[in-house]
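Proteins get letters first, then strands, A, B, ... in listed order; numbering begins at 1 in each.
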Amino acid sequence: MTTAVIIDDEAPARDALNSMLQHFCPNVKVIGQAHNVESGYNLILSQKPEVVFLDIQMPDGTGFDLLNKFSTINFKFIIVTAYQEFAIQAFRFSAIDFLLKPIDPNELIMAVEKLNETIREEEINQKFQTLIENIQPEAKAPQKIILKTFESVLVVNREEIIRCESHNNYTMFYFANKPKVLVSTTLKEFDDMLSPSGFFRTHQSHLVNLNYVQNYRRFPESVVVLMDGTTIPVSVRKRELLTTLLKKIQRKS
Amino acid sequence: MQLNYIQRGCFKWPIDVSILSVKTVSLTGSTLLWLVIITLGLAFTGSLLIILLLKRRYQRKITELEHRFLLVQMDPHFVFNSLTAIQNYIFKNDPYQATRYFSSFSKLVRLILENSQKDFISIAHEVETLTLYLELQKLRFGDKFEFTITVDPDIDAEHHTIPPMLAQPFIENAIERGSVHMGKRGSINIRFILRGSNILFEVEDNGGEYPTSNANQQKLKKEFEAHAFKRSSDRLMNLRKIFRRKYKMEIKDLAQVAENGIQGTLIIFTLPIL
């Protein structure tokens, strides 16, 4: 049995989530509800729940303000939000679990199943710290990304990543300033995350940071040559798009 | 003169050149130069005029498109939170309420889509849209706020028309991050008043400054206000451009106007009757 609290300023949203948890996730027990940052903070202190379902926009502050009140976060949390375009990218980068309203039962079930994984307190705090840094209004796109390896959680700068290579359900990351690491997430997920900010999927199993591309060679084989001399294959269908992207970058610099 | 087929041989065409030759004689030296300059000048001004005309026409087209774009924006917070409230009725096993709100929501979406196709709608139509919107908002916020909509008896609600949903950004703001959270019961009063050849469209709320020390939140609120103001003033500017009438918007902070501790904001749109 997992104990949980729901913090959201709108009663129907709290009720809906509560009913859905009863219905689809009977092993989660909701032990309290709160309607703003202040009462939510007190509720967590008094009830000590294992997991907090947290809305972002509340009358007296945001869900992030609430989390910031704790010097260390010793509970798991799932963000529940109606619409936070700017934040969603940051959630993905920071590996924060979130649900969009109205909540999809399948996504709720998946998020609750993930709660069973044992997570160290340190890791939760690391993720939240990364989120806070990523969400700063000055940062146009999230800068830091959370990577989970077998033994630890890494926070890396986006610019340090030279390329990613798919190994079945894992992804190998190559960095400019540190040894490579194997991460337990598929390349597709990183493709979705990183492609809007200067990365390119040249091939089914390769994602490349375009800033590290030295040139694009078409003969004898179609490959991009990286600054360190590595060559990465470019699949037939990606050639045209890559050419236009590289031209754009050249024009800018 | 037409030649359908040409026969082999020699042809002679007598042409009277006396007129031509007279002209050629006078077109010498500086006169010719002047003629060329004048012709070129005329051609230049002509094409310039055409370009200007085209440019203006496109500018107007752009203004109109902008206008529609500004209109059709629905606050995503409102959309998704309303759907969440409906979802709640479904889980509460209350199919009647769920269906009621579900159809209200559909009606509102339909009205907003319809409105976005039009430059002007009847006041009755606007009142219907506002009522649906505010009732759906009450579903989310319960009894935290109340609203009234009054139409001056001198107004013929079916025939007097106004640009659709002008006050939407302000009403949205008042509810989403204004009066309803003030602890006291929020209220929104909407009035349509006939004054001379204008319709005054007033929106008054009793929301005040947030008693919060949270600088971030305060900043966010300011940003939303600025955004609402920009959305409405952009639309008014476009309306002035397209219809060449004096559309106006005034915002009054009631705390500054009244002495007796009244708080809130009053927005007045002055809309000329077409």
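Heavy-atom pairs under 4.5 Å with chain A peak, among B/Leu83, B/Asn81, B/Val79, at B/Asn81.
Nearest heavy atoms, A/Phe199 versus A/Arg158: CZ-O, 3.8 Å.
Under the 6.0 Å distance and 45° angle rule, A/Lys238 counts as a cation-pi partner of A/Phe200. Under the 6.0 Å distance and 45° angle rule, B/Lys138 counts as a cation-pi partner of B/Phe145.
The side-chain hydrogen bond (donor to acceptor under 3.5 Å, both in side chains) analysis of residues 184-195 of chain A, with sequence neighbours excluded, yields the pairs A/Lys188-A/Asp192, A/Asp191-A/Ser195, A/Asp191-A/Arg201.
The closest side-chain heavy-atom distance from A/Leu210 to A/Leu242 is below 4.5 Å. A/Lys148 is listed as a side-chain neighbour of A/Glu123, based on a closest heavy-atom distance under 4.5 Å.
Contact residues of residues 96-113 of chain A toward chain B are A/Lys101, A/Pro102, A/Ile103 (heavy-atom distance under 4.5 Å).
With a 4.5 angstrom heavy-atom cutoff, B/Ile86 does not touch chain A via any of its atoms.
A salt bridge does not link B/Glu128 with B/Lys107: every distance from a Lys NZ or Arg NE/NH1/NH2 to an Asp or Glu carboxylate oxygen is 4.0 Å or more.
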